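In this chain, residues are counted from 1 in sequence order. The analysis underlying the following values was restricted to heavy atoms, covering all of them including side chains, and did not include hydrogens, waters or symmetry mates. Predicted, not measured: the structure shown is a model, and the values here were computed from it.
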Amino acid sequence: MPHLAHIALVVRDYDEALAFYIGKLGFTLVEDSYQPEQDKRWVTIRPPNAPENATTILLARAATPEQARFVGDQAGGRVFLFLATDDFDRDHAAFTAAGVEWARPPVLQPYGKVAVFRDLYGNLWDLVQFAA
């Protein structure tokens with residue numbers, strides 16, 4: 001059965017991206033392997049406590065000026081990724097303490113509690129705890 005294995009996120013630099021996603025958001029490093037034939041790294045991460053078979057984010061370093069134009073704007077200014085949590089208040093507080101920039105404050109919606117944050121490049125993410 002087909003499934004989504006990875007989502008590519010174009011980044012400026014692997015290590016600065018890892019510092020943000022692992023250091024500030026608590027993501028787990030799944031793989032970081034050098035690919036000499038293409039002079040790049042295969043770097044995948046997943047949210048904390050996600051199952052081993054969960055879709056990962058592939059940190060894809062921009063390799064051309066055209067690709068670099070999309071760093072931080074992969075969704076044209078819309079929310080790009082949705083990070084679900086089982087404890088919104090805990091994670092919102094932890095992200096705030098880690099210096100994450102909030103684009104929109106927490107609000108209650110019919111579908112749950114949500115706030116929008118910017119990653120280190122400016123991509124917008126929802127932190128959301130879905131209603132039961």
When rounded to the nearest 0.5 angstrom, what distance separates CG in L81 from CD1 in I57? 5.5 Å
Could you walk me through whether D126 and F117 pass the side-chain contact (heavy atoms from CB on, under 4.5 Å) check? CA-CA 6 Å; D126 270 3; F117 68 92; over 6 Å; no
Side chains of W125 and V116: closer than 4.5 Å at any heavy-atom pair? no
Indicate yes or no for a side-chain donor-acceptor contact from D73 to the backbone of G77 under 3.5 Å, with no hydrogens or angles considered. yes
Taking every non-hydrogen atom, the tightest pair across P48 and G26: CB-O, 3.3 Å
R46 (side chain) donor-acceptor with E52 (main chain) under 3.5 angstrom: yes
Report whether Y21 and I7 are members of the same hydrophobic cluster (ILVMFWY, side-chain heavy atoms less than 4.5 Å apart, transitive linking). yes
Ignoring hydrogens and angles, tell me if any N or O in the side chain of T55 forms a donor-acceptor pair with the backbone of L4 under 3.5 Å. yes
Are L120 and E16 close enough that some pair of their side-chain heavy atoms sits under 4.5 Å apart? yes
Considering only heavy atoms from C-beta outward, does the side chain of Q35 approach that of S33 to under 4.5 Å? yes
Report the C-alpha separation of V43 and E31 in whole Å, then their side-chain angles, then the decisive distance to 0.1 Å, and conclude whether the side-chain contact (heavy atoms from CB on, under 4.5 Å) test is met. CA-CA 5 Å; V43 180; E31 184 175 356; over 6 Å; no
Apply salt bridge (Lys or Arg N to Asp or Glu O under 4.0 Å) to R41 and D15, showing your working. CA-CA 11 Å; R41 288 159 59 185; D15 293 323; 3.1 Å; yes
Taking all atoms of both residues into account, what is the closest heavy-atom pair of F82 and F80, and its distance? CE1-O, 4.1 Å
State plainly whether one hydrophobic cluster holds both W42 and L29, where clusters connect Ile, Leu, Val, Met, Phe, Trp and Tyr through side-chain heavy atoms under 4.5 angstrom apart. no
Rounded at 0.5 Å granularity, tell me how far NZ in K113 sits from CG in D87. 9.0 Å
Rounded to the nearest 0.5 angstrom, the CG-CD distance for D119 and Q74 is 8.5 Å
Between Q129 (side chain) and F88 (backbone), is there a donor-acceptor pair under 3.5 Å? yes
Between D91 and L127, is there a side-chain heavy-atom distance shorter than 4.5 Å? yes
Approximate separation, where rounding is to 0.5 Å, of L59 CG and F27 CZ: 9.5 Å
Residue pair T64 / E66, side-chain donor-acceptor N/O under 3.5 Å: no
So do the side chains of Y121 and V10 get within less than 4.5 Å of each other, counting heavy atoms only? no
Residue pair R104 / L124: nearest heavy atoms and the distance that separates them: NH2-CD1, 4.4 Å
Check the pair D32, Y14 against side-chain hydrogen bond (donor to acceptor under 3.5 Å, both in side chains), reporting the backbone distance first and the verdict last. CA-CA 9 Å; D32 186 350; Y14 297 116; over 6 Å; no
In terms of relative ring orientation, are W102 and F95 parallel, tilted or perpendicular, with 30° and 60° separating the classes? parallel
Closest non-hydrogen contact found for L58 with H6 is CB-CB, 4.3 Å
Parallel under 30°, tilted from 30 to 60°, perpendicular over 60°: which one fits the rings of F130 and Y111? tilted
Going hydrophobic residue to hydrophobic residue with side-chain gaps under 4.5 angstrom, can you get from V11 over to L25? yes
Rounded to the nearest 0.5 Å, what separates atom NZ in K24 from atom CZ in F20? 6.5 Å
So how far is it from R61 CZ to D13 CG, rounded to the nearest 0.5 Å? 8.0 Å
Smallest heavy-atom separation, A62 atom then V71 atom, equals CB-CG2, 4.1 Å
So L18 and I45, side-chain contact (heavy atoms from CB on, under 4.5 Å) or not? Walk me through it. CA-CA 8 Å; L18 287 170; I45 58 173; 3.8 Å; yes
Any salt bridge between D86 and R90, counting N to O under 4.0 Å? yes
Any side-chain heavy-atom pair of R118 and N123 under 4.5 Å: no
What I'd like to find out is whether the side chain of P106 reaches to under 4.5 Å of the side chain of V114, using heavy atoms alone. no
